[in-house]
Protein chains: 2
Amino acid sequence: MSHPEVPAARTARQRARDQITAEIVAAARLRLAEQGPAELSLRAVARDVGMVSSAVYRYFASRDELLTALLVLAYDDLGGAAEAADASVRARGDVAARWKATLRAIRRWAIAHPSDYALLYGSPVPGYAAPQTTIEPAVRVIVVILRIVTEGVRVGAIEPGDAGHLAAAPESAIAGAIGFVRSRELAGDDLPAELIVRTLMAWTTVFGTISFELFGHLVGSVSDPDAYFDLVIERLAREIGFR
Amino acid sequence: MSHPEVPAARTARQRARDQITAEIVAAARLRLAEQGPAELSLRAVARDVGMVSSAVYRYFASRDELLTALLVLAYDDLGGAAEAADASVRARGDVAARWKATLRAIRRWAIAHPSDYALLYGSPVPGYAAPQTTIEPAVRVIVVILRIVTEGVRVGAIEPGDAGHLAAAPESAIAGAIGFVRSRELAGDDLPAELIVRTLMAWTTVFGTISFELFGHLVGSVSDPDAYFDLVIERLAREIGFR
DNA sequence: TCGTTGGGAGAGCAGTGCTCTCGTTTGAAG
DNA sequence: CTTCAAACGAGAGCACTGCTCTCCCAACGA
């Protein structure tokens, strides 16, 4: 009966370590919510969890590593919010509604978590390169958007060919600018290059609009940010080819 | 003959003060070029100009005030670059060429001065509100863009009405989202609201594209950033109505 | 039971923004 | 020309930061 029995999973020490790691991350997340990424102090979060600063270094090799953990968490949170918004209206079968709901959810998340948004999409800390492990959660949100467009084409909600006066560029011209490997991998083979470009541009515009709003570059020019954002995503939908 | 004589302008002390102020700003600018705004250390720039840190406080009340000075300088630099690019092709009378040259110059400036760009358009420092004196140099670049569009309408290079399938939205809908006072003030009365929105969106997309490129969010998706940027501004021109 | 390992605590280093005091220099008014 | 206040540079000091190193104890495996 001395079977070690895997069920207890990892050893007690390991479990304690995981729990304390989670505590530190949670405390850091709290601090990040009311300060900026640059102001996040490892010593302060150490105090919050009742440890001395040097003890935290048993769990995170540096402040940047702690920031990376928060980065992944934030990407996942945003990706989850986008996916949830998409899923909530998917049943209605209205692809345009999915487009609007998802983009609105992204903006809502950004407004609700400005520090996290700045961490993800603001100026990067010089000398800090996000490790490979962050790119997978990072692409979740754009994948949601690409999937909606792909679905739109599939069910005929998007007319890729005649989206207005914008003649579809020849594949060769686009191939010169877009990295097909990655794009295909994310978007799937059934999305024409033309639509990949349009979606990428639309996502860029959405990001720019949210950033301008959050970083205060629209004050004075835009009186009603909600209405303006709706106006923007409506136009983006038309430019992509939503009918 | 004891006329104080204004020509010597300010007193010697004042002139020395101005010169030292300029020295400090120049040193800070140098440091900012190879570090980020968050890393800019007032003590370090004090050492660079051969002063002790407390002496710098005679010239700038805080580190943020020094950053504000750099902010204004950077805005002016960018605005000047945009105006110069516009002026360099204005003689040709080709409004579309002015559009492309100006936006390309903006991107070139951003790539050449990434830290300045991050200072202007990256995540703002929490708790730091840019004072009123910064908004005037800040609008220079968008004014250049708006002026090109206005010119385009005037000479008939832009067809505002039928810019593709995008039916011009009713003024009322746009008026709900855009702050007309400021927009009119910047754009002039002769630019229809529809075009103001399109230009604002285009500028947002340009900003988003440059930010994505500079902040590393396009790696993997875009293989040739130069070609991609050209592709983007070409499409934006068409969406605005350039023929 | 013994020896290894993990992890907490503390001191310490080098750096930061910012304040205060203390002389000295400067410039203008009497 | 003298006087006196304002301007200014230097230094010490405070509270804070990220990070390292050492010490020491508790938990764990053999």
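What you are looking at is a predicted structure, and each value in this text was computed from that prediction instead of being measured. First the proteins, then the strands, lettered A, B, ... as listed; each starts at 1.
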Contacts table for residues 206-213 of chain B: side-chain donor-acceptor under 3.5 angstrom, sequence neighbours left out:
{"residue": "B:T209", "atom": "OG1", "partner": "B:T205", "partner atom": "O", "Å": "2.7"}
{"residue": "B:S211", "atom": "OG", "partner": "B:Y117", "partner atom": "OH", "Å": "2.9"}
{"residue": "B:S211", "atom": "OG", "partner": "B:F207", "partner atom": "O", "Å": "2.9"}
{"residue": "B:E213", "atom": "OE1", "partner": "B:R107", "partner atom": "NE", "Å": "2.9"}
{"residue": "B:E213", "atom": "OE2", "partner": "B:R107", "partner atom": "NH2", "Å": "3.0"}

- [ ] Give a yes/no answer on whether the side chain of A:R17 brings an N or O atom under 4.0 Å of OP1 or OP2 in D:dA27.
- [x] no
Show me the donor-acceptor pairs, under 3.5 Å and distance only, between side chains in residues 71-81 of chain A and residues at least two apart or in other chains.
{"residue": "A:D76", "atom": "OD1", "partner": "A:R140", "partner atom": "NH1", "Å": "2.5"}
{"residue": "A:D77", "atom": "OD2", "partner": "A:R29", "partner atom": "NH2", "Å": "3.4"}
{"residue": "A:D77", "atom": "OD2", "partner": "A:W109", "partner atom": "NE1", "Å": "3.0"}

Task: Touch class at under 4.0 angstrom, heavy-atom based, for B:L40 against every strand present - done: sugar-phosphate
List, one per line, each side-chain donor-acceptor pair under 3.5 Å for residues 45-53 of chain A, sequence neighbours excluded.
{"residue": "A:D48", "atom": "OD2", "partner": "A:R31", "partner atom": "NE", "Å": "2.7"}

- [ ] Measure from the side-chain N and O atoms of B:S115 to the backbone N and O of B:Q35, and report whether any donor-acceptor pair falls under 3.5 Å.
- [x] yes
Open item on the list: Going by the rule side chain to side chain contact (heavy atoms under 4.5 Å, CB included), which residues pair with B:T199 if we only count those two or more places apart in sequence or in a different chain?
Closed with: B:I145, B:L146, B:V149, B:I240
Task: Within residues 20-31 of chain A: residues closer than 4.0 Å to DNA chain D (heavy atoms) - done: none
TODO: Would you please name every residue forming a side chain to side chain donor-acceptor pair (under 3.5 Å) with A:D86, sequence neighbours left out?
DONE: A:R90, A:R98
Dump every N/O contact between nucleotides 19-29 of chain C and the protein below 3.5 Å, one line per pair.
{"residue": "C:dT25", "atom": "O2", "partner": "B:R13", "partner atom": "NH2", "Å": "3.1"}
{"residue": "C:dT26", "atom": "O4'", "partner": "B:R13", "partner atom": "NH2", "Å": "3.2"}
{"residue": "C:dT26", "atom": "O2", "partner": "B:R13", "partner atom": "NH1", "Å": "3.4"}
{"residue": "C:dG27", "atom": "OP1", "partner": "B:R13", "partner atom": "N", "Å": "3.2"}

Task: Separation of C:dG6 C1' from A:R15 CZ (nearest whole Å) - done: 17 Å
- [ ] May I have the distance from B:L67 (atom CG) to C:dT16 (atom C1'), rounded to whole angstrom?
- [x] 14 Å
Open item on the list: Has B:H217 got a side-chain atom pairing as donor or acceptor with A:L120's backbone, closer than 3.5 angstrom?
Closed with: yes
TODO: Could you list the residues that satisfy side chain to side chain contact (heavy atoms under 4.5 Å, CB included) with B:S62, not counting sequence neighbours?
DONE: B:D64, B:E65
Open item on the list: Mind checking if A:F60 touches a base, just sugar-phosphate, or nothing, with heavy atoms under 4.0 Å?
Closed with: nothing
TODO: Take atom OH of A:Y59 and atom P of D:dC19, then tell me their distance rounded to the nearest Å.
DONE: 18 Å
Task: Integer-rounded Å distance: D:dG18 P and A:E65 CD - done: 15 Å
- [ ] Please identify each residue that fulfils side chain to side chain donor-acceptor pair (under 3.5 Å) with B:R17, with sequence neighbours left out.
- [x] none
Open item on the list: Whole angstroms only, please: what is the CG-C1' distance between B:L42 and C:dG15?
Closed with: 13 Å
Open item on the list: If I take atom CD in residue A:E39 and atom C1' in nucleotide D:dG18, what distance separates them, rounded to the nearest angstrom?
Closed with: 15 Å
TODO: Give the nucleotide from the list C:dA9, C:dC18, C:dG12 with an atom nearest to the side chain of A:R43.
DONE: C:dG12
- [ ] Starting at atom CG of A:L66, determine the distance to atom P of D:dC19, rounded to an integer number of angstrom.
- [x] 10 Å
Open item on the list: For D:dC19 and A:R63 - does any side-chain N or O of the residue sit under 4.0 Å from the phosphate oxygens OP1/OP2?
Closed with: no
